[in-house]
Amino acid sequence: MASSKGPDRKICLLVHLTIFTWYLFTLWTNCSLPTADRHPGVRSYGGRWKYLTFINLVMQTVFFGLCVLLDLIHVLLPVKQTRSGVPVILTTARDFYFTVLCFPVGTFVFASFWTLYTYNRELVYPKFLDEIIPIWLNHALHTVIMPLLLVQMYLQNHKYPTRTKAIGALGLFAILYLSWVLWVHHASGIWVYPIMAHLSPVGLCLFLGVASLTMAPLYLLGEEISRMIWSTTGDHQKKKKKMQ
């Protein structure tokens, strides 16, 4: 599928439609979970929108919805009509959205959750949540996102913006989210994540600072993985010729 001439649009449409449907189902299931007195988070200030996991879920759903729309445009319209105007604008938006937000944020959710979970799950996902959130949904929110991002990276060659622009936009996202987390605590006294309640002011600053700075390396990781997949030299070129 990752050929020098680009993937077959019908294959892309099928894959994207499947992933989009999966995310819609996951989002619907997540929003349909019954609230519980032991975990009133969704009923408290900010609702689900204070959790990066939920924001990422919405982000991924919107992205793959955009992919489906673009695939339909390319399948239904003549090639000449897809080389200018709205299709080009949507393609540029898709590439920027994926490279700057979807991949780095999705990878961060995957890596940070399972790192903290392995160290001490009570700091990020207390055991009683297993009685509220099905195990499969936990993995849908925190595990499946990573292989789906890699599938997308292999499926389509995304154009990366300049690093200054990309890291600047990603940094802005991190600042806005951290400001939101701090505001939620200021307005309601709730820490979005249990680990924050165990940290001193200095420890909290270090934790938030390290979490924010991690975003830039994750963007660079995505850039490097894309370069490796879509390289036109050596074994990668042979692989692409076989798949054309």
Side-chain angles (χ1 to χ4, degrees), residues 1-20 23 55-56 58-111 145-176 214-244:
M1 284 181 283
S3 70
S4 58
K5 294 183 180 179
D8 184 290
R9 284 290 176 178
K10 292 182 180 179
I11 293 177
C12 284
L13 177 58
L14 177 61
V15 174
H16 286 149
L17 188 59
T18 300
I19 298 176
F20 179 54
Y23 272 121
I55 293 174
N56 177 65
V58 174
M59 188 182 299
Q60 303 294 335
T61 304
V62 171
F63 170 74
F64 283 103
L66 176 59
C67 287
V68 170
L69 175 61
L70 265 170
D71 292 337
L72 285 172
I73 289 174
H74 282 271
V75 168
L76 298 176
L77 294 182
V79 175
K80 290 184 179 180
Q81 293 185 27
T82 64
R83 292 176 177 172
S84 62
V86 174
V88 173
I89 294 174
L90 289 178
T91 300
T92 301
R94 180 204 64 188
D95 288 350
F96 188 87
Y97 190 30
F98 178 80
T99 59
V100 176
L101 289 177
C102 286
F103 183 86
V105 175
T107 305
F108 178 82
V109 168
F110 167 80
I145 52 176
M146 196 66 235
L148 292 184
L149 286 170
L150 294 176
V151 166
Q152 172 59 22
M153 188 167 282
Y154 183 83
L155 192 67
Q156 292 182 315
N157 185 9
H158 298 278
K159 182 178 180 180
Y160 278 72
T162 62
R163 289 182 177 177
T164 301
K165 182 185 296 185
I167 293 176
L170 187 56
L172 177 60
F173 173 84
I175 290 171
L176 289 174
T214 302
M215 291 290 191
L218 292 178
Y219 168 79
L220 297 177
L221 174 64
E223 192 179 66
E224 180 62 18
I225 292 175
S226 179
R227 185 194 66 78
M228 292 173 61
I229 292 174
W230 292 93
S231 173
T232 56
T233 60
D235 295 336
H236 295 286
Q237 179 63 22
K238 294 178 182 178
K239 167 185 152 184
K240 291 171 186 177
K241 286 182 179 180
K242 290 180 181 180
M243 302 188 72
Q244 288 182 24

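The figures here come from the full heavy-atom set of this structure, side chains too, leaving out hydrogens, waters and symmetry mates.
Residues satisfying the side chain to side chain contact (heavy atoms under 4.5 Å, CB included) criterion with T92, sequence neighbours excluded, are V88. The ring-ring contact (aromatic ring centres under 6.0 Å, His included) test applied to F98 returns F63, H158, not counting sequence neighbours. Residues passing the ring-ring contact (aromatic ring centres under 6.0 Å, His included) test with F96: none are found, sequence neighbours excluded.
Taking 4.5 Å as the limit, every side-chain heavy atom of F103 sits out of range of all side-chain heavy atoms of Q152.
Between the side chain of Y23 and the main chain of V62, no donor-acceptor pair closer than 3.5 Å is present. T91 places a side-chain N or O within 3.5 Å of a backbone atom of P87 that can act as its donor or acceptor partner.
For F64 against F20, the heavy-atom pair with the smallest separation is C-CD1, 4.0 Å. Across all their heavy atoms, Q156 and C12 have their closest contact at NE2-SG, 3.9 Å. In terms of heavy-atom proximity, V109 sits nearest to I145 at CG1-CD1, 3.9 Å.
Expressed to the nearest 0.5 Å, how far CD1 of I225 lies from OG1 of T107 amounts to 7.0 Å. Summarising the geometry, atom CG belonging to L150 is positioned 12.0 Å from atom CG belonging to L155; distances are rounded to the nearest 0.5 Å.
Residue pairs meeting the side chain to side chain donor-acceptor pair (under 3.5 Å) criterion with at least one member in residues 59-68, sequence neighbours excluded, are N56-Q60. Pairs of residues two or more places apart, or lying in two chains, never qualify as salt bridge (Lys or Arg N to Asp or Glu O under 4.0 Å) while including a residue from residues 145-159.
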Let me have the donor-acceptor pairs involving side chains of residues 69-77, under 3.5 Å, with sequence neighbours excluded, atom names and distances please.
unit_1, atom_1, unit_2, atom_2, d
D71, OD1, R9, NH1, 3.3
D71, OD2, L13, N, 3.4
D71, OD2, H16, ND1, 2.5

For residues 161-173, dump all side-chain donor-acceptor pairs below 3.5 Å to protein atoms at least two apart in sequence or in another chain.
unit_1, atom_1, unit_2, atom_2, d
T162, OG1, K165, N, 3.3
R163, NE, E223, OE1, 2.8
R163, NH2, E223, OE1, 2.6

